[in-house]
Chemist: 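Dropping the structure in here first, questions after.
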Amino acid sequence: MALLPILKYPDERLNKVAEPVTVFDGDLKQLAADMAETMYEAPGVGLAATQVNKHIQLIVIDVSETKDQLQVFVNPKVTEVSDEIKCWEEGCLSLPGIYEKVKRPAAVTVVAQDLDGNTFETKCDELLAVCIQHEMDHLKGKVFVDYLSHLKKSRITHKLQKQKLEEAKKAKEEAAKAS
Ligand code: K1U
Ligand code: ZN
């Protein structure tokens with residue numbers, strides 16, 4: 001197993017649209033296992049292949065408190081949405097430290113395949129519904145800040161760029177200290 005680097009917003013590769021999975025082989029299972037390890041280590045409750053620069057329709061999610069209920073969705077499609085809309089505070093491993101409220105359907109039905117290509121249907125509500133919609137947006141090249149106003153989005157971009165510069169400066173200082 002391996003930890004994979006997570007793309008950080010505003011990396012343009014986060015805007016790529018993922019291709020459907022057509023081959024259900026060992027490489028797919030290995031990628032799903034590596035994504036799960038990366039998600040648990042982050043820590044997060046979900047991860048889309050797009051975020052680790054793999055542009056295929058693959059998502060891993062674990063919203064359990066015990067972190068032992070991994071769910072893998074290949075080629076997911078939403079087939080039903082609730083009329084009820086809920087507002088949740090969302091986070092994203094591609095936008096560390098940013099949390100914003102987003103409105104989405106409170107419940108969705110998803111049809112997807114597992115890692116062997118078997119089709120299944122699942123009804124999602126609460127955090128799972130939010131998470132699956134958030135991850136499916138990643139597969140479409142969309143991030144949750146795309147739902148925010150232009151002003152909020154540019155403030156977030158500025159904050160993340162500042163954060164990145166500070167991290168680079170710190171790493172440089174630590175490397176200089178070590179040499
Ligand atoms: O897509 C991602 O980057 C994962 C993201 C999923 C998500 C969380 C909350 C609302 C919508 C989508 C995260 O996991 S962010 C981290 C996070 O929320 C979290 C981390 C540890 C425990 C619980 C939540
Ligand atoms: Zn995300």
Side-chain angles (χ1 to χ4, degrees), residues 1-19 21 28 31-78 81-82 84-110 112 122-149 152-161 163-164 167:
M1 297 233 278
L3 289 177
L4 305 170
I6 298 175
L7 298 178
K8 298 292 182 309
Y9 181 85
D11 192 310
E12 284 181 0
R13 290 169 292 180
L14 286 169
N15 301 124
K16 282 193 182 183
V17 176
E19 298 289 336
V21 171
L28 182 71
L31 175 59
D34 291 345
M35 283 172 57
E37 191 185 1
T38 305
M39 172 188 74
Y40 287 126
E41 200 272 340
V45 291
L47 193 68
T50 309
Q51 292 176 277
V52 292
N53 200 26
K54 303 283 180 199
H55 301 283
I56 59 166
Q57 294 179 16
L58 172 65
I59 288 168
V60 296
I61 293 181
D62 189 343
V63 292
S64 70
E65 278 184 18
T66 42
K67 297 287 153 222
D68 58 357
Q69 287 168 43
L70 181 68
Q71 301 186 64
V72 179
F73 298 86
V74 181
N75 300 328
K77 282 173 191 67
V78 171
V81 298
S82 63
E84 189 195 345
I85 303 292
K86 252 192 177 172
C87 188
W88 282 76
E89 188 151 273
E90 299 195 13
C92 183
L93 301 175
S94 296
L95 290 97
I98 307 293
Y99 294 89
E100 293 287 342
K101 285 186 174 156
V102 178
K103 285 182 190 166
R104 297 184 190 270
V108 291
T109 302
V110 173
T122 181
K123 289 187 188 343
C124 311
D125 62 6
E126 300 297 324
L127 181 56
L128 179 58
V130 182
C131 196
I132 187 89
Q133 292 178 80
H134 174 114
E135 303 309 336
M136 286 179 72
D137 275 350
H138 277 305
L139 300 184
K140 293 173 201 145
K142 196 166 175 170
V143 286
F144 78 103
V145 289
D146 293 337
Y147 291 106
L148 307 177
S149 70
K152 251 191 177 170
K153 208 171 149 178
S154 59
R155 280 191 184 142
I156 288 168
T157 306
H158 183 75
K159 187 176 168 182
L160 289 170
Q161 274 161 352
Q163 215 168 279
K164 200 173 166 186
E167 278 165 16

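No experiment lies behind these values; they were computed from the predicted model shown. As the structure lists them, so they are numbered: ligands from 1, and atoms in each ligand from 1. The chain is numbered in sequence order, starting from 1.
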Chemist: Minimum heavy-atom separation for Cys124 and Val110, please, with both atom names.
Modeler: SG-CG2, 4.2 Å

Chemist: If you measure from the Lys or Arg side-chain nitrogens to the Asp or Glu carboxylate oxygens, is any gap between Glu90 and Lys101 under 4.0 Å?
Modeler: no

Chemist: What atoms of ligand 1 come closer than 4.0 angstrom to any heavy atom of His138?
Modeler: 1 (O)

Chemist: Tell me which protein heavy atom sits closest to atom 20 (C) of ligand 1, plus the residue, atom name and distance to 0.1 Å.
Modeler: Pro43 O, 3.3 Å

Chemist: Which heavy-atom pair separates Asp62 from Asp68 by the least distance, and what is that distance?
Modeler: OD2-N, 3.2 Å

Chemist: Atom 7 (C) of ligand 1: which of Gly91, Gly44, Ala42, Gly46 has the nearest heavy atom?
Modeler: Gly91

Chemist: What atoms in ligand 1 come closer than 4.0 Å to a heavy atom of Gln51?
Modeler: 1 (O), 2 (C), 3 (O)

Chemist: Check side chain to side chain contact (heavy atoms under 4.5 Å, CB included) between Glu19 and all other residues, then give those that pass, not counting sequence neighbours.
Modeler: none

Chemist: How many angstroms lie between atom OG1 of Thr38 and atom CD1 of Ile6, to the nearest 0.5 angstrom?
Modeler: 6.0 Å

Chemist: Looking at Asp137 and Arg104, is there a salt bridge between them, counting it only when a charged N and a carboxylate O are closer than 4.0 Å?
Modeler: yes

Chemist: Does Glu89, backbone or side chain, put an N or O under 3.5 Å from an N or O of ligand 1?
Modeler: no

Chemist: Any non-hydrogen protein atom below 4.0 Å of atom 18 (O) of ligand 1?
Modeler: no

Chemist: Indicate yes or no for a side-chain donor-acceptor contact from Gln57 to the backbone of Val74 under 3.5 Å, with no hydrogens or angles considered.
Modeler: no

Chemist: Consider every N or O of Tyr99 and every N or O of ligand 1, then say whether any pair is closer than 3.5 Å.
Modeler: no

Chemist: So, 4.0 Å and heavy atoms of Val130: is ligand 1 close enough to count as a contact?
Modeler: yes

Chemist: Less than 3.5 Å between some nitrogen or oxygen of Glu90 and one of ligand 1, yes or no?
Modeler: no

Chemist: Can you name the closest pair of heavy atoms from Thr157 and Pro10 and give their distance?
Modeler: CG2-CG, 4.1 Å

Chemist: Is a side-chain donor or acceptor of Glu41 paired with a backbone partner of Leu3 at a separation under 3.5 angstrom?
Modeler: no

Chemist: Going by heavy atoms, is Met39 under 4.0 Å from ligand 1?
Modeler: no

Chemist: Nearest 0.5 angstrom please: Phe144 CZ to Leu95 CG, how far?
Modeler: 5.5 Å

Chemist: Students should be able to answer this: which protein heavy-atom is nearest to atom 3 (O) of ligand 1, and at what distance?
Modeler: Leu93 N, 2.6 Å

Chemist: For atom 6 (C) of ligand 1, what's the nearest protein heavy-atom neighbour? Residue, atom name and distance, please.
Modeler: Glu135 OE2, 3.4 Å

Chemist: Give the residue and atom name of whichever protein heavy atom lies nearest to atom 14 (O) of ligand 1, and the separation in Å to one decimal.
Modeler: Val45 N, 2.7 Å

Chemist: Rounded to the nearest 0.5 Å, what separates atom CG in Asn53 from atom CG in Leu4?
Modeler: 10.0 Å

Chemist: Under the 6.0 Å and 45° cation-pi test, does Lys153 pair with Tyr9?
Modeler: no

Chemist: State the count of protein N/O/S atoms located less than 2.8 Å away from the Zn ion (ligand 2).
Modeler: 3

